[in-house]
Asks: 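Before I ask anything, let me first share the structure, which is written out below as structure tokens.
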2 protein chains.
Amino acid sequence: MSDVADRAGVSLSTVSRALRGAPGVAPEVRERVQRAAAELSYVVSRNASGLVTGATGRVAVLVPFLQPWFFGVALAGIGTRLRQADLDMLVYQVGDMRGVEEYLGELPLRRNVDAVIALSLDLDEREIAVLDEVGVPVVFVSQRIPERASVFIDNAAAARSATRHLLNLGHTSIAFVQSADSTGFEWSSAERVNGYREAMAEAGVRPQVLVGESGPRGGALAAGELLSRAEPPTAIFAESDDVAMGVLRVLQRSGLAVPEVMSVLGFDNHDMAELLDLSTVAQPVSEMGAVAARLAVEAVADPAAVPHVELATNLLVRGSTAGPRAASRLVGGNE
Amino acid sequence: MSDVADRAGVSLSTVSRALRGAPGVAPEVRERVQRAAAELSYVVSRNASGLVTGATGRVAVLVPFLQPWFFGVALAGIGTRLRQADLDMLVYQVGDMRGVEEYLGELPLRRNVDAVIALSLDLDEREIAVLDEVGVPVVFVSQRIPERASVFIDNAAAARSATRHLLNLGHTSIAFVQSADSTGFEWSSAERVNGYREAMAEAGVRPQVLVGESGPRGGALAAGELLSRAEPPTAIFAESDDVAMGVLRVLQRSGLAVPEVMSVLGFDNHDMAELLDLSTVAQPVSEMGAVAARLAVEAVADPAAVPHVELATNLLVRGSTAGPRAASRLVGGNE
DNA sequence: CTGTTAGCGCTTTCAC
DNA sequence: GTGAAAGCGCTAACAG
């Protein structure tokens, strides 16, 4: 930095002010300093400036896993937005939610980040308390917490209207496939099931909820179970597209036509959903990330604000949902 | 820190040494200091210590995109390994490779990270030069560069033996679907095509290479093109599972049985490959990440070393590949 | 084995 | 509008 000062013929303080965009520097001087810095390809050390300002220029993103489609997309949204604010993104994979509390305590967040984004973590009160210890603002994504900055969708409402779509098509036997991993249900999962139950109750139809493993494997197992019933349903609403894909796969292998024999509905609008022609509830994952990043930036400026942002979902009706026995009708044609 | 010193009844230097695990501290004193630190829930500021040691405790991971399956898995491998070394992972999404050079120059890597991992970036010489400007060790993943630390698989050899699998099954008309995005071929893509060509040449069979878009969409388009030929091939080798999935989808929609009418082979062992019963070449993505992280850690200690680590691939033969016209034979049964 | 001292590279009063 | 000086929280010689 003193090299730059020498080259521009000014003092250290002036260089600092000029490069930081601080007021009180003659335009002509500022430009001279910037030129000198560029020529020496000098950039201020965030580390050093942070030491005195207290800011780190970094935001931590906590994710349970990194592999699923959802997280990649959300991270992309977050990263892009943070970059605009000239903030770096630190990613921590919390892993299977056992011992999170301890893990969170170990994490070097203390004086290492300006804010934390908890991505789809479903933390309980004690875990949140551990995060609070860090002393920086926390933004929750996909988990709605009172008195906390968070961004989310209305899972219940989305599931409700998606279920109605199936009911309106004429289905009267609709199964819901819910999944839980070793650590229990996710918050969004519970909400979606509720939405489904509400719509079914409104229509006076008996709900059928299956609980199984998560992911395609869980969907495949659930489909097997449903198909071996005395009276299989005519539609399956899967908690997520992942699960729906497992269902689709089993149906395909069994030679059961979708949607003629069985309608399948997913949730998420996964990457592959369009290719599979899967009807689904789309949630704006990338945008959720971007909003979360924005909230994090704002929270740094004003830690007192606890904005709640709800994002809209869209039911995407594709080829995997239709009225029950649409095919038989078409083929039989004698009603 | 001085609070800790007071509480433990020692000087600042002793606290620093004790907490850092530096030698020359009485065991009894060390424990006392650690206890004091714990009671005050004090952790040393990386920022401040970095200011004097020069180390940042951070590694930057540069990825072109975040969404594809590959990057999530690789990032998980990297992150886990870095955490073991008590290093933080900074993730930068470089985006569409246009203007990377400039983007890399803008990135706040300068005195902000101890090492850089370039994940599947396919940088050219000038872009690498920009990275070198940063002055920290760089580890390349999925790109093999002389005189550079890198971790990779032998794409050509893997593609060669996968092609031989198809040849050995009796196929004599095997198409390869290659994909390129707007910025051109990836390095691994070129290598895989080469492996395919070599195996075909060895067998004296004419190669058929299709170049199209990337991803499932590219696969779908390529499949359409192949199926509309006067003499469609009996097997399709897709550059990646992504592409293969597009191919599978088109075949399924067209009512063409896999593998009876058409064998399909992928590359990567994508998440969904098992569910789709897709034969493929598995590459150890998570392990590549872990190794890259290890190399990065080692490179920090010894920047002169430029280890090259080659990881093994495995051909996973599943249900999507079989001899040509296996079904006709079975059905016709009159040979 | 432990304490003292001088910075690491920057920002920030406070004078001028 | 600009400069001098005093730290931010820590480590690294150097004494003791």
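Note: hydrogens, waters and symmetry copies are ignored here, and every other heavy atom, side chains too, is used. Residue numbers begin at 1 in each chain, while the letters A, B, ... track the order of the sequences.
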Asks: Mark yes or no for whether Tyr103(A), through its side chain, and Gln93(A), through its backbone, hold a donor-acceptor pair below 3.5 Å.
Replies: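 Flag set: sc Tyr103(A) to bb Gln93(A) pair under 3.5 Å.
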Asks: Give the B/S/- string for nucleotides 6-16 of chain C, one per nucleotide from 5' to 3', where a protein heavy atom under 4.0 Å of the base yields B, of only the sugar-phosphate yields S, and otherwise -.
Replies: -BBBBBB----
Asks: Rounding to a whole Å, what distance do you find between Glu28(A):CD and dT2(D):C1'?
Replies: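 Atom-to-atom, Glu28(A) to dT2(D), this comes out as 13 Å.
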Asks: I need the Glu101(B) CD to Leu123(B) CG distance, nearest 0.5 Å.
Replies: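 So the gap between those two atoms works out to 10.0 Å.
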Asks: Look at Thr14(A) and dT2(D) and indicate whether a side-chain polar atom (N or O) is within less than 4.0 Å of OP1 or OP2.
Replies: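 For dT2(D), neither OP1 nor OP2 has a side-chain N or O of Thr14(A) closer than 4.0 Å.
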Asks: Distance-only, no hydrogens or angles: does the Arg20(A) side chain make a donor-acceptor pair with backbone N or O of Val15(A) under 3.5 Å?
Replies: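 Here the side-chain-to-backbone pair does not exist.
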Asks: Should the pair Arg126(A)-Asp132(A) be classified as a salt bridge under the 4.0 Å nitrogen-to-oxygen rule?
Replies: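 No.
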Asks: Judged by atom type as modelled, is there a donor-acceptor pair below 3.5 Å linking the side chain of His308(A) to the main-chain atoms of Ile145(A)?
Replies: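 Here the side-chain-to-backbone pair exists.
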Asks: Hey, what bend do you get for the helix from dC1(C)-dG16(D) to dC16(C)-dG1(D) if you fit axes on five pairs at each end, rounded to 10°?
Replies: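 For the helix from dC1(C)-dG16(D) to dC16(C)-dG1(D), the axes at either end differ by 30°.
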Asks: Mark yes or no for whether Arg111(A), through its side chain, and Val43(B), through its backbone, hold a donor-acceptor pair below 3.5 Å.
Replies: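 Pair found, side chain donor or acceptor close to backbone of Val43(B).
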Asks: Ring pair (Phe, Tyr, Trp, His ring centres under 6.0 Å) with Trp187(A): which residues, sequence neighbours excluded?
Replies: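 Residues passing ring pair (Phe, Tyr, Trp, His ring centres under 6.0 Å) with Trp187(A): none at all.
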Asks: Testing the 3.5 Å rule here: is there a donor-acceptor pair between the side chains of Ser188(A) and Asn155(A)?
Replies: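 There is no such pair (donor and acceptor under 3.5 Å, judged by atom type) between the side chains of Ser188(A) and Asn155(A).
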